[in-house]
Structure formats: C-alpha cells, structure tokens
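The block underneath contains the structure these notes are about, expressed in structure tokens.
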Amino acid sequence: MRSYLPRLLKLQKQQSFAALVNKRRIFTGEEGAGGQHGHQQSSSGGSWAMLGTAMVAGAAATALTVANNSDRLTVQAKDDGEAEVIAKENRLRAFSTPDKIFNFFASFKFVSAGRPTMMMSPMEFYSSITPDCTLLHGVGAGAHVQVTQQEIDADKAITLKSPLEKSVLNEIGQNGLLSYADFNVLLAVLSTPKRYIDTIFNLFDVTGDGQVEVKEFAYVSTKMAHKSGGFGSYTDLDQAEVLNSSSGLLNYLFGKDRTGTLTKEKFRKLQHELLEEIIELEFREYDKANSGRISEADFVRFLLKNGKITPKKKAQLIKKIENIWPSKGRGISLPSFKSFFHVLAGSVELERALFFLDVEGIGVDREEFRKISSWVSNLNTSDHVVNVIFALLDDDEDGRIYRDDIAQVLLDWRHARGLDKAGMHVSLGQIRV
C-alpha cells in the first residue's frame, strides 16, 4: 500500500498549487470566460482558472478514493508530505539569499502601469522567518496570484491574517502588500538588537535632521536589498519604483499620500510591536489552548528545533526534560518566553559576553548565565528558564555550562531564521562587530 504514497504526495503539491491559482477566482468573484460576474478575463487567465478548477476537482476525487482505500495511508502521506515541505523551507531560510527566500514565499504579483512586481502578505513574511512554521507554507518561486490595486484597497487580496487582536502585521496588511525592499527592511529591523535600533534609524536619516522622509527611506532600503550578484545599486528608476509601489510598509509609515515623516520613536515602536507579535505567534504554536503557558518540554522543543543535533539526541533531551517537569509542571509563561526569545535574537551578543566572562574556559554558573541573558535581552530572565536551560545543556551536572554546550543549541538561532543575512555590522580596522 505504500506504493500509493509517492502519487499522493505529488497530488497534494498539485492541489496546493491549484488552490493558489484558483484563489484569485475566489476573492474577486470571477466566473471565468463567459461568466456573469466580475470583469472580463484574458484567455490565458481563463485557461489558468479552468485548469485550477479541474486540478482541484481531480485532486479531491483521487484523494477521496485513496482515503476510502486506506485511512492510515492518507494520514501517513499527509504527515510525510508536510514534513518534507517544512524541511525544505528550513533549509531555504538558513542557506539561501534573501532574494530567493522572498521569491519562494511571496505569492502575489502586483501589476501597476503594466509593470509586474512580486509581493508578499505580512503573514507570508512571518512564515519566511519562522522555522517549522505551520500557519502558512511557501508556494515556491514562479507560483503567484495576480492582484490589482482595487483588490488590495477592497481588502480582498490577503486571505490569511494574524489571529492576534492587536496586530501590527494586520495594520501593515490593511495598507497594502510587502515589496522586496520592505522585506529587507523588516528583516534588518528584526535582526538588530534593541539597543542598536537607533543606529539603524540614523542610517535611514540621510539628511541627519532627526526625521526620515519617504525619499530617504526609499534610497536606503534599495541599497539594503540583496540582488543577484550583490547588494542593490541605487538609481532614479529604483526610486520611482519604490515610491510608486503599493507598499504596505511605506503606506503604514508615511501615509498613502507618502507625505508623512518617520521619527525615531515611531521606528522603535515598529520594531517593538513586530517583535512582540512574532514572539506571541510562535508561542501560540505551542500554546494551543491559549492558556498563557507552555510546558517545559515544549519550550525545549522550541529551542532544539534548529539545533545542530541529531533527531535521536533531540528525543532523548526532550524525554529528559519531561521526566524532570511533567506535563502539569510549573510551565513557561509568555513573558518568560519573550525575554529568552530576545536572548536568542541577540545571540551574537550572548556569544561575545560569554567570551569575555569566561576567558579561562571554566564555564558559567546559573546566576552568571541569568545575568548575561538579562543584559543581552534588556529584560529579566526568569530563574525557572535558567533551570530548564541548565537541565538541557549541563550534561555532566556540575552546575556550569560552556560555550560549546550553548553553541549547538542557542547560537545558531539567528542563522536558522535568516536574520544573520540582514544584521548590522560595524567594522573598525580588523574588528568586526
């Protein structure tokens, strides 16, 4: 019966692509060639729509047949198929360039004045930086839905929104989609520790007057954008493209008339709200009951999912934590999760602090690690989180952990999310920070 599996996996991929192609018909109300609703389609558009409908119908029928033959086969195929997609997306985030990551997750082609531009929704941005994300998967380079400004303005383009009541991602989405320049800006904002965010703002403030106008923002964001063969080279055409784009980020920051200005306080607020939302969305992937707490084992799963250790070793470590803290143990609260998320986000500083504190190579104890973590995050790291970290990493149980213990789990966190590609670096002679 396993012989059905390859065909079913291929079928699922076709079904996902068909649903994507057919999504335009769903949110515009088009009926295809000869339909009574919506505006007229081109013949090629009608062909794609009919192809999408046929593929979905055929896929559903075949999947139903296989399911009737074997429920176990269907469940196994679904699990294996999603695991394969997740593994591919994880490799892409860690090892591909920003332009390839953007093209893989962006599913919208926006056409303005006859010029097409690939764009992504805010939740696609979240998926592009979150390993093992199950809320939304990338559609792959070359697969897209064509949208117009009218559809964006009518709020018919973005179908998946953040589930949080107070959501900066949804606010940005209400103003439009995200361009490739927006993607690079948000990546830089998230990859920069909070204590250095003013430096990023100063880079955008070309005139040095304490306020950023849209032309300054466009100039710097284009220079930041990684393009094939190197980083962006700014031209007047690039400026016109950025300023005329239906950028949700530009509209959010400067208004739809693009006459507003960006202050340092508003820039800090953008980073804070983005981080808060992304942290809570990831927390909710473990807190299914929305209780505000997750188990110690789930917290360890979050830490280990991108560590450079074998699946067998991961299972052993999770079992170890489950034995110490049963499922109804104290748990990890959302504030504690947030504080350590900031530690992981600043893992470069964590590594630097460990180096200076442990020059003798004797490791650090619990209190030293808690103080280092609190300094990196600028938040209080709870004693319970530190106890879980030591139970996870202190193999010889001598009450001390070493850089090598931490490196395989904590210091690769940024790399797995692609944040190391957009981080700010300062060079002074042979010193690079």
With the side chain counted from C-beta on, respond yes when [X] and [Y] share a heavy-atom pair under 4.5 Å apart, and no when they do not.
X: Leu136; Y: Glu124; value: yes
X: Leu281; Y: Glu277; value: yes
X: Phe125; Y: Leu186; value: yes
X: Leu303; Y: Ile389; value: yes
X: Asn380; Y: Arg370; value: yes
X: Val214; Y: Thr259; value: no
X: Phe102; Y: Met120; value: yes
X: Arg93; Y: Phe105; value: yes

Okay, side chain of [X], backbone of [Y]: is any donor-acceptor separation there less than 3.5 Å?
X: Ser377; Y: Phe340; value: no
X: Asp205; Y: Gly210; value: yes
X: Glu151; Y: Ala157; value: no
X: Lys288; Y: Glu285; value: yes
X: Thr130; Y: Ser127; value: no
X: Lys109; Y: Val147; value: no
X: Tyr286; Y: Phe299; value: no
X: Lys314; Y: Leu304; value: yes
X: Glu296; Y: Ile321; value: no
X: Asp287; Y: Ile294; value: no

Applying side-chain hydrogen bond (donor to acceptor under 3.5 Å, both in side chains), can you list everything that pairs with Asn251, at least two apart in sequence or on another chain? Arg258

Among Met123, Glu282, Arg284, find the one that has a side-chain contact (heavy atoms from CB on, under 4.5 Å) with Leu135.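 Output: one option passes, namely Met123.
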
side-chain contact (heavy atoms from CB on, under 4.5 Å), that's the test. Do Val185 and Phe217 meet it? Break it down for me. CA-CA 10 Å; Val185 170; Phe217 196 88; 3.7 Å; yes

Counting only heavy atoms not in Lys194 (residues, nucleotides, ligands), do more than 12 fall under 6.0 Å from its NZ?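 Yes, because the 6.0 Å sphere around NZ of Lys194 holds more than 12 heavy atoms from other groups.
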
Take a 6.0 Å sphere around NZ of Lys166 and say whether it holds more than 12 heavy atoms from other residues, nucleotides or ligands.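 No, because the 6.0 Å sphere around NZ of Lys166 holds 12 heavy atoms or fewer from other groups.
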
Cationic N near anionic O, under 4.0 Å, Glu273 to Lys269: yes

Any ion pair linking Asp198 and Arg268 (charged N to carboxylate O, less than 4.0 Å)? yes

Where [X] and [Y] come nearest, the two heavy atoms and their spacing:
X: Leu270; Y: Tyr252; answer: CD1-CE2, 4.1 Å
X: Phe183; Y: Ile101; answer: CZ-CG2, 4.1 Å
X: Ser373; Y: Thr381; answer: CB-OG1, 3.3 Å
X: Ile158; Y: Pro122; answer: CD1-CD, 3.8 Å

About how many Å separate CZ of Arg403 and CG of Leu350, when rounded to the nearest 0.5 Å?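 Result: 9.5 Å between the selected atoms.
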
How long is the gap from CZ on Phe108 to CE on Met119, to the nearest 0.5 Å?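 So the CZ of Phe108 and the CE of Met119 are separated by 10.5 Å.
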
Contacts of type ring pair (Phe, Tyr, Trp, His ring centres under 6.0 Å), residue Tyr126, not counting sequence neighbours: none

Between Leu190 and Gln271, is the side-chain contact (heavy atoms from CB on, under 4.5 Å) condition met? List the steps. CA-CA 7 Å; Leu190 291 175; Gln271 186 198 42; 5.5 Å; no

Are side-chain N/O atoms of Ser336 and Ser339 paired as donor and acceptor at under 3.5 Å? no

Taking the six-membered ring where the residue is Trp, are the ring centres of Phe302 and Phe337 under 6.0 Å apart? yes

Go through the steps to decide whether Asn90 and Leu92 satisfy the test side-chain contact (heavy atoms from CB on, under 4.5 Å), and finish with yes or no. CA-CA 5 Å; Asn90 285 344; Leu92 188 81; over 6 Å; no

Step by step, would you call Asp182 with Ser179 a side chain to side chain donor-acceptor pair (under 3.5 Å)? CA-CA 5 Å; Asp182 296 339; Ser179 67; 3.2 Å; yes

Can you list the steps and then say if Asp153 with Gln149 is a side chain to side chain donor-acceptor pair (under 3.5 Å)? CA-CA 6 Å; Asp153 292 340; Gln149 186 62 55; 2.8 Å; yes

Let me see the working for Glu216 and Thr207 under side-chain contact (heavy atoms from CB on, under 4.5 Å), right down to the final yes or no. CA-CA 8 Å; Glu216 295 175 275; Thr207 59; 3.1 Å; yes

Yes or no on salt bridge (Lys or Arg N to Asp or Glu O under 4.0 Å) for Asp298 and Arg301, after CA distance, side-chain angles and deciding distance? CA-CA 5 Å; Asp298 281 337; Arg301 288 186 181 95; 2.8 Å; yes

